[in-house]
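Presented below is the structure to which this report refers.
One is the number of the first residue; the rest follow in order along the sequence.
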Amino acid sequence: QVQLVESGGGLVQAGGSLRLSCVASGRTFSSYAMGWFRQAPGKEREFVSTISWNGGSTFYRDSVKGRFTISRDNVKNTVYLQMNSLKPEDTAVYYCAARPLRWASTRVSEYDYWGHGTQVTVSS
């Protein structure tokens, strides 16, 4: 079992930055691919970014490319999402997810473990 705890959300003005963190329990973190997803009110949960077990592969949804950066620290069992140049349309609850395979995935259905989420609100 893996438990995930996100932090770092908050209220920020458009153009600002936030850094989300997700700390995972357990010894197997380094063998898991990790992902960040988000869900806005009335919308389905959507892919934001994913990273492979060793950080060698990363993927982003088109709307965040060049603004968001995913990274991980396997010693600290932590995955990060650095979010710059934030826009009001980035407002959502952001979820961290773990996939018990090494290779990254953009699909919600391929992640077995989820955190409770952290709210990100971007004001215009």
**OP:** For residues Ser124 and Ala14, report the shortest heavy-atom separation together with the two atoms involved.
**Re:**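 It is CA-CB, 4.4 Å.
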Original post:
Which atom names give the shortest non-hydrogen contact between Ala92 and Ala40, and what distance separates them?
Top reply: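 Minimum heavy-atom contact is CB-N, 3.9 Å.
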Original post:
Does anything in residues 5-26 pair up under side-chain hydrogen bond (donor to acceptor under 3.5 Å, both in side chains), and if so which pairs, sequence neighbours excluded?
Top reply: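 Every pair satisfying side-chain hydrogen bond (donor to acceptor under 3.5 Å, both in side chains) with a residue in residues 5-26: Ser17-Asn84.
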Subject >> Inter- and intrachain pairs under side-chain hydrogen bond (donor to acceptor under 3.5 Å, both in side chains), touching residues 96-108, at least two apart >> reply: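 As it turns out, the side-chain hydrogen bond (donor to acceptor under 3.5 Å, both in side chains) pairs with a partner in residues 96-108, which skip direct neighbours, are Arg99-Glu110, Ser105-Glu110.
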For [X], which fellow cluster members are found when Ile, Leu, Val, Met, Phe, Trp and Tyr are connected by side-chain heavy-atom distances below 4.5 angstrom, either directly or through intermediates?
X: Met34; answer: Val2, Leu4, Val12, Leu18, Leu20, Phe29, Tyr32, Trp36, Val48, Ile51, Tyr60, Val64, Phe68, Ile70, Val79, Leu81, Met83, Leu86, Tyr94, Tyr113, Val120, Val122
X: Trp114; answer: Phe37, Phe47, Phe59, Val93, Tyr95, Val108, Tyr111
X: Leu11; answer: none

Original post:
Within the side chain of Thr78, is there an N or O that forms a donor-acceptor pair under 3.5 Å with the backbone of Lys76?
Top reply: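 Yes, Thr78 side chain to Lys76 backbone: donor-acceptor pair under 3.5 Å.
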Original post:
With distance as the sole test, does Asn77 use its side chain to make a donor-acceptor pair with the main-chain N or O of Val23 at under 3.5 Å?
Top reply: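 A pair under 3.5 Å: no.
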Original post:
Under the side chain to side chain contact (heavy atoms under 4.5 Å, CB included) criterion, do Glu46 and Arg38 qualify, and how do the steps go?
Top reply: CA-CA 5 Å; Glu46 65 181 19; Arg38 66 188 182 188; 2.7 Å; yes
Original post:
So, Gln119 versus Thr121: side-chain donor-acceptor pair below 3.5 Å or not?
Top reply: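 On atom types as modelled, these side chains qualify, holding a pair under 3.5 Å.
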**OP:** Given side chain to side chain contact (heavy atoms under 4.5 Å, CB included), test Leu101 with Trp53 step by step and report yes or no.
**Re:** CA-CA 8 Å; Leu101 291 170; Trp53 66 286; over 6 Å; no
Report the distance from atom [atom1] of [X] to atom [atom2] of [Y], rounding to the nearest 0.5 Å.
X: Glu44; Y: Gln39; atom1: CD; atom2: CD; answer: 8.5 Å
X: Ser31; Y: Asn54; atom1: OG; atom2: CG; answer: 11.5 Å
X: Thr58; Y: Arg72; atom1: OG1; atom2: CZ; answer: 12.0 Å

Original post:
Which residues satisfy the side chain to side chain donor-acceptor pair (under 3.5 Å) test with Ser63, sequence neighbours excluded?
Top reply: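 Side chain to side chain donor-acceptor pair (under 3.5 Å) list for Ser63, sorted by chain: Arg61.
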Subject >> Short N-O contact, Lys87 and Asp90, less than 4.0 angstrom >> reply: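 Result for this pair is no, no salt bridge flagged.
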